[in-house]
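Take a look at the structure below.
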Amino acid sequence: MKFLIVEKIEEINHKLCKLLTEYGGGSECESAYDLDRGLDLGVHNKYDMIVLGHAGIKAETKNYIVKLRQTNSIPLLILSNEQDLETKIDLLNSGADSYMIYCDDNELLAVVGAILRRYYKDFGANIYEYKNLEINFFERTVKINGGKMNVVAKMYELFEYLVRHKEIFLSKNTLFNRVWGFESETTFSVVEVYVSKLRKMLEQGGLANQLITVKNVGYCWTEKETTN
């Protein structure tokens, strides 16, 4: 696993990094000490999770979340010493996966584990293989019949999220909020457009039927045999 810690207080940043480096028997961790640097790293690098220290200025933390969600759906945990319920709700609605008052290392590790298990159903595996399909979660690449597919960032995010949650129907709203972000300026119809593009790509490997669409329910990636 690879973590990014965005926390301006150096002592806390180092403590979190040390704690998470030992997570799962050995992980990687990078540090950022301001939001601008943390956003740049979060957008341009590959992480399994970002831990963001909320310094008490809600607008700045919210801006970070919104901008991050415009590019990816990396699991994001907010750590704070603020008890304000309104702030917590606002930041969660902006795209954070969890918000906790950090006071105990064991509780933090439990929350991190819960988020990772929920987001990565088979977390720990970097490669997903099904029939003639291969997805490299770390390199963010898709291969069909051994050939690398030309997949734009948002299509990859959508496909990975569907595969990570295989056999579960995900609503259009859920996919939109996770991939494009709660406050994205685009519309929900973008989900249909990208699902259509994704299905055309899968047709090249005879896999289009594994991406199920049910009207008024949502979309599902399945490994079961289906005629769609």
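For this chain, numbers begin at 1 and follow the sequence in order. All values reported here derive from a predicted model rather than from experimental measurement.
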Revision key, fill the gap. CD (Glu28) and OG1 (Thr21) are apart, to the nearest 0.5 Å, by 9.0 Å

Check your understanding: Should Leu162 and Leu198 count as side-chain neighbours, where that means a heavy-atom distance under 4.5 Å?
Key -> yes

Exercise for review: Using atom types as modelled and distance alone, determine if a side-chain donor or acceptor of Asn132 lies under 3.5 Å from a backbone N or O of Gly206.
Suggested key: no

Revision key, fill the gap. dist Asp36:CG -> Glu60:CD (nearest 0.5 Å) comes out at 9.0 Å

Review point. Taking the six-membered ring for Trp, are the ring centroids of Phe159 and Trp221 within less than 6.0 Å of each other?
Key: yes

**Study point:** Leu4 CG to Ile74 CD1 distance, which is reported to the nearest 0.5 Å
**Key:** 8.0 Å

Check your understanding: How close do Gln210 and Lys224 get, heavy atom to heavy atom, and via which atoms?
Key -> NE2-O, 3.0 Å

Point to revise | Phe3: ring pair (Phe, Tyr, Trp, His ring centres under 6.0 Å) partners, not counting sequence neighbours | key: Tyr23

**Study point:** Set of salt bridge (Lys or Arg N to Asp or Glu O under 4.0 Å) partners for Lys148, sequence neighbours left out
**Key:** none

Study note, to complete from the structure: Tyr47 and Leu41 have their tightest heavy-atom pair at CE1-O, 3.2 Å

Review point. Would you call Lys131 and Glu223 a salt bridge, using N to O less than 4.0 angstrom?
Key: no

Review point. Partners of Ser31 by side chain to side chain donor-acceptor pair (under 3.5 Å), sequence neighbours excluded?
Key: Asn13

Check your understanding: Can you tell me how far CG of Leu16 sits from CD1 of Ile12, rounded to the nearest 0.5 angstrom?
Key -> 7.0 Å

Going by atom type alone, with no hydrogens or angles, which donor-acceptor pairs under 3.5 Å involve a side-chain atom of residues 101-116 and a protein atom two or more places apart or on another chain?
from: Tyr102; atom 1: OH; to: Asp105; atom 2: OD1; distance (Å): 2.6
from: Asp104; atom 1: OD2; to: Asn106; atom 2: N; distance (Å): 3.0
from: Asp104; atom 1: OD2; to: Glu107; atom 2: N; distance (Å): 2.9

Practice item. Would you check, one step at a time, whether the test salt bridge (Lys or Arg N to Asp or Glu O under 4.0 Å) holds for Lys2 with Glu30? Key: CA-CA 8 Å; Lys2 188 172 183 178; Glu30 291 188 24; 3.3 Å; yes

Review point. More than 12 heavy atoms of other residues, nucleotides or ligands under 6.0 Å from NZ of Lys8: is that the case?
Key: no

Review point. By salt bridge (Lys or Arg N to Asp or Glu O under 4.0 Å), which residues pair with Glu203, not counting sequence neighbours?
Key: none

Check your understanding: For Ser80, what residues pass the side chain to side chain donor-acceptor pair (under 3.5 Å) criterion, not counting sequence neighbours?
Key -> Tyr99

Check your understanding: About how many Å separate CG of Leu207 and CG of Asn145, when rounded to the nearest 0.5 Å?
Key -> 8.0 Å

Study note, to complete from the structure: Between Asp97 and Arg69, the two heavy atoms sitting closest are OD2-NH2, 3.1 Å

Check your understanding: So, does Glu134 use its side chain to make a donor-acceptor pair with the main chain of Ile127 at under 3.5 Å?
Key -> no

Point to revise | Contacts of Tyr64 that satisfy ring pair (Phe, Tyr, Trp, His ring centres under 6.0 Å) - sequence neighbours left out | key: none

Review point. Looking only at heavy atoms, what is the nearest atom pair of Val142 and Met201, with distance?
Key: CG1-CE, 4.1 Å

**Study point:** Check: Leu79 and Glu7 side chains under 4.5 Å, non-hydrogen atoms
**Key:** no

Practice item. Please lay out, stage by stage, how Lys15 and Glu11 fare under the test salt bridge (Lys or Arg N to Asp or Glu O under 4.0 Å). Key: CA-CA 6 Å; Lys15 179 182 178 181; Glu11 182 181 355; over 6 Å; no

Exercise for review: Decide side chain to side chain contact (heavy atoms under 4.5 Å, CB included) for Ile135 and Tyr130; before the verdict, give the C-alpha distance in whole Å, the side-chain angles of both, and the deciding distance to 0.1 Å.
Suggested key: CA-CA 9 Å; Ile135 304 176; Tyr130 174 74; over 6 Å; no

Review point. What do you reckon, is NZ of Lys58 surrounded by more than 12 foreign heavy atoms closer than 6.0 Å?
Key: yes

Review point. Under the side chain to side chain donor-acceptor pair (under 3.5 Å) test, which residues partner Ser171, sequence neighbours left out?
Key: Thr174

Practice item. Rounded to the nearest 0.5 Å, what's the gap from SG on Cys220 to CD1 on Ile212? Could you check? Key: 5.0 Å

Exercise for review: Report the hydrophobic cluster partners of Ile89, with the cluster defined as I, L, V, M, F, W, Y residues connected by side-chain heavy atoms closer than 4.5 angstrom, directly or transitively.
Suggested key: Leu85

Exercise for review: For Ile78 and Ile65, work out which heavy atoms get closest and say how close.
Suggested key: CD1-CD1, 4.0 Å

**Study point:** For Tyr33, ring pair (Phe, Tyr, Trp, His ring centres under 6.0 Å) partners two or more places apart
**Key:** none

Exercise for review: Take Lys88 and Glu82, measure what side chain to side chain contact (heavy atoms under 4.5 Å, CB included) needs, and give me the verdict at the end.
Suggested key: CA-CA 8 Å; Lys88 178 179 181 179; Glu82 267 196 40; over 6 Å; no

Exercise for review: Please name all residues satisfying salt bridge (Lys or Arg N to Asp or Glu O under 4.0 Å) with Asp84, sequence neighbours left out, ordered by chain then number.
Suggested key: none

Study note, to complete from the structure: Applying side chain to side chain donor-acceptor pair (under 3.5 Å) to Lys154 and not counting sequence neighbours gives none

Study note, to complete from the structure: Of all heavy-atom pairs linking Ile5 and Cys29, the shortest is CG1-SG, 3.4 Å

Point to revise | Residues Lys197, Val152; criterion side chain to side chain contact (heavy atoms under 4.5 Å, CB included); working and verdict | key: CA-CA 10 Å; Lys197 291 180 178 180; Val152 298; over 6 Å; no

Exercise for review: Apply the test side chain to side chain contact (heavy atoms under 4.5 Å, CB included) to residues Tyr219 and Leu170: give CA-CA distance (whole Å), side-chain angles for both, the deciding distance (0.1 Å), then the verdict.
Suggested key: CA-CA 5 Å; Tyr219 306 95; Leu170 301 169; 5.6 Å; no

